[in-house]
There are 2 protein chains.
Amino acid sequence: MLRPKLIDVAREAGVSPTTVSRVINNHGYLSEETKNKVFQAMKRLNYQPNSIARSLHGKKTQLIGVIFSSVSNPFFGELVEKIENKLFKLGYKTILCNSADNKEKERVYLNMLIANQVDGIIAGAHNLGIKEYEKVGLPIISFDRYLSSTIPIVSSDNYAGGVLATQELYQSGARKIYFFASSHTPNSPTDKRRVGYLDTIKKLQLEAHEKVIASATPSSVKALMIRQILSTEQIDGIFCSDDLTALIVLRQAKELGIRVPQDLKVIGYDGTQFIQKYHPELTTIAQPINDMAELLVELLLKRVTDEQSELKEHYVLPVKLIRNQSSLQFI
Amino acid sequence: MLRPKLIDVAREAGVSPTTVSRVINNHGYLSEETKNKVFQAMKRLNYQPNSIARSLHGKKTQLIGVIFSSVSNPFFGELVEKIENKLFKLGYKTILCNSADNKEKERVYLNMLIANQVDGIIAGAHNLGIKEYEKVGLPIISFDRYLSSTIPIVSSDNYAGGVLATQELYQSGARKIYFFASSHTPNSPTDKRRVGYLDTIKKLQLEAHEKVIASATPSSVKALMIRQILSTEQIDGIFCSDDLTALIVLRQAKELGIRVPQDLKVIGYDGTQFIQKYHPELTTIAQPINDMAELLVELLLKRVTDEQSELKEHYVLPVKLIRNQSSLQFI
DNA sequence: TTCGGTATGTCAATCGTACGTCACAAAGTT
DNA sequence: AACTTTGTGACGTACGATTGACATACCGAA
């Protein structure tokens, strides 16, 4: 039978529908024998309780909305994959939302998630105003961006990352150190990388040089911008706020005959498995993707199961410098 | 009010719940005035119809299950992203399932999707037997793998890809041409790449050389295996059945001082945007990711809206050779 | 025998929405 | 004035499962 319902199981097992429901929900008095009869009937019919009908009863839907700008970016891809895995282990399903950094799409998604009665949202893309997120009235945890005082943020220690990267470049001999930002949104956690860079540069009594290379820029244009900078300025160190930009830097440097790390040292940011596997030459600041996923899920479920649970406003996880050839000191 | 229901809107608008329902579904006779009253009330209350309750009424859930082994692989990441986008445009939501090539996980996912009353499934990972998919009783479209005669397959022209790649290597001068397979599952559409390679090699009266470098292998081990082969055999052409393996080949060749393309020509497979952007030196066979996503969604929705619709068993989309430096003829 | 605990069944209400049916009113037609 | 057309809203039932109240039946123990 295709898509049998509770009453079919009852018939098959020779018990009342109520008993079946009780067995499923382990509710009230039940003999082992009855339980077995029911379980076997369920198996025979390949019965799956209709979770739609269940959640209509005010039960949870076990659905979690996960909003990120794009899973085709390896960093988000890996993060989303980890999140999905952990949610799955805990019996939750992931509704994927690629907002593509599109405000309208994000708004529609948000409403859609509400309509679908998701139990909570993990939000990693924020183009909407705070208000829209506040009136959602659902447990939300934010990744790496400030939404509102009631919505906890999970991020890695972007400031420390900025400091680490700058120090590393300095220690391996760089003196004219650039920062390539992939966006410029002051006060966002990501911006702390920049602040870390600036503070360190100051402490080292060097001059700060920032360039914004917006992440939305087509990569060919990025390449041109970078080539332009590399060929006109005398640079010996670059700290990129993401690994992909760093890859472009490495490529352009090579094409221009600038040797890495002899003439130029480069550090990226994110440290995905992907980069570590396929670009082991790149020094990078690795975010603890697995731990962040873990924490995002844990905090969200805490809110889901207990609305009142007190969470901190900001959870900061440590980053790690992965030193590779692109930042080696050349003796 | 948080999560108002239809009846609240009715009260707010001063009409009956029925009228609200009719306005929402544009059903029956309605005056402009009433419509406006209702719409405004909806807006005031920030009302979202509870799609759970709607779908209980035998309506569609507008949910589609998307099963792939892993979105952290850029190829699947990009494909899933495209799929999700197209589904979204058509009013469907994507439930993401990363099966991690785990049979048990896939089975649980399948049941979960049934329980959630998804309207259909796009399956790109198949470790389960045909039976399990057949008894799902839902519209399913498969990506790149054979499931059962009733489940249509969408894939790119893997055979042509195998032929193209081998020809390209030959034409640019390679004579000892290896095929690095990322899996060995005979009869799968992906295996056609191998068949294309073998047929072409035969036609060219060359000797075939195959190595299986399982995609589950840790990349460091892959690197070792490849290094081993490169350093012991006299090879001048390698056709990898995915781009990532090709990247490892390029790296190992470089480390061994084997020049590409002078001494060795390399071709990958997949041709993601990612590879094109960040590894423009790699020649590759590009699968039409966007078209495949489009077709997967289109066929699935055809089945969803009309169960009887006749679909072909296999849809094959053309591939394209993207010629780059790694396979250039060196004069 | 009777009581208490255990095991199962029956019945009905409930969740939020959809929608067919019906009744009625206003407007238009003859 | 009698009749049709059309707009409007009420009502009731259905969707599939949950849950509580209550009844019934059985068992062994006091």
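FYI, side chains are in, hydrogens and waters are out, and symmetry mates aren't considered; it's all heavy atoms of this structure. Within every chain, numbering begins at 1; the chains are lettered A, B, ... in the order of the sequence lines, protein sequences first and strands thereafter.
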SB check A/Lys302 A/Glu298 (cutoff 4.0 Å): yes
Proximity to DNA chain C (any heavy atom under 4.0 Å), residues of residues 34-45 of chain A only: A/Thr34
B/Leu299 side chain near B/Lys312 side chain, heavy-atom distance below 4.5 Å: no
Heavy atoms from other residues, nucleotides or ligands near CD1 of A/Ile7 exceed 12 (cutoff 6.0 Å): no
Phosphate contact (D/dG16 OP1 or OP2) by A/Tyr47 side-chain N/O below 4.0 Å: no
Residues from residues 6-22 of chain A lying under 4.0 Å of DNA chain C - heavy atoms: A/Gly14, A/Val15, A/Ser16, A/Thr18, A/Thr19, A/Arg22
Phosphate OP1/OP2 of C/dT17: any B/Arg54 side-chain N/O under 4.0 Å: no
Value in whole Å for how far the P atom of C/dT14 lies from CG of B/Asn50: 18 Å
Residue pair A/Thr185 / A/Thr190, side-chain heavy-atom distance below 4.5 Å: no
Interatomic distance where NZ belongs to A/Lys5 and C1' belongs to D/dC15 [whole Å]: 8 Å
Aromatic A/Phe88 / basic B/Lys105 pairing, under 6.0 angstrom, 45° off normal: yes
Strand-adjacent residues in residues 25-33 of chain A, judged by heavy atoms under 4.0 Å from DNA chain C: A/Tyr29, A/Leu30, A/Ser31
Salt bridge A/Lys103-A/Glu106, side-chain N to carboxylate O under 4.0 Å: no
Sidechain N-carboxylate O distance under 4.0 Å for B/Asp8, B/Arg11: yes
Interatomic distance, A/Leu56 CG vs C/dC15 P [rounded to whole Å]: 9 Å
Side chain of A/Lys59 - closest among D/dT18, C/dC15, C/dT17: D/dT18
Where A/Val38 and A/Val15 come nearest, the two heavy atoms and their spacing: CG2-CG2, 4.1 Å
Working for side chain to side chain contact (heavy atoms under 4.5 Å, CB included), residues A/Val66 and A/Cys97: CA-CA 6 Å; A/Val66 173; A/Cys97 311; over 6 Å; no
A/Val297/A/Ile122 under side chain to side chain contact (heavy atoms under 4.5 Å, CB included): CA gap, chis, key distance, verdict: CA-CA 8 Å; A/Val297 169; A/Ile122 292 178; 4.3 Å; yes
Rounded distance (Å) that lies between atom C1' of C/dA18 and atom NZ of B/Lys60: 16 Å
B/His57 NE2 - D/dC15 P separation (whole Å): 8 Å
Rounded distance (Å) that lies between atom P of D/dG16 and atom CZ of A/Arg3: 11 Å
Salt-bridge contact A/Glu32-A/Lys35 (side-chain N to carboxylate O under 4.0 Å): yes
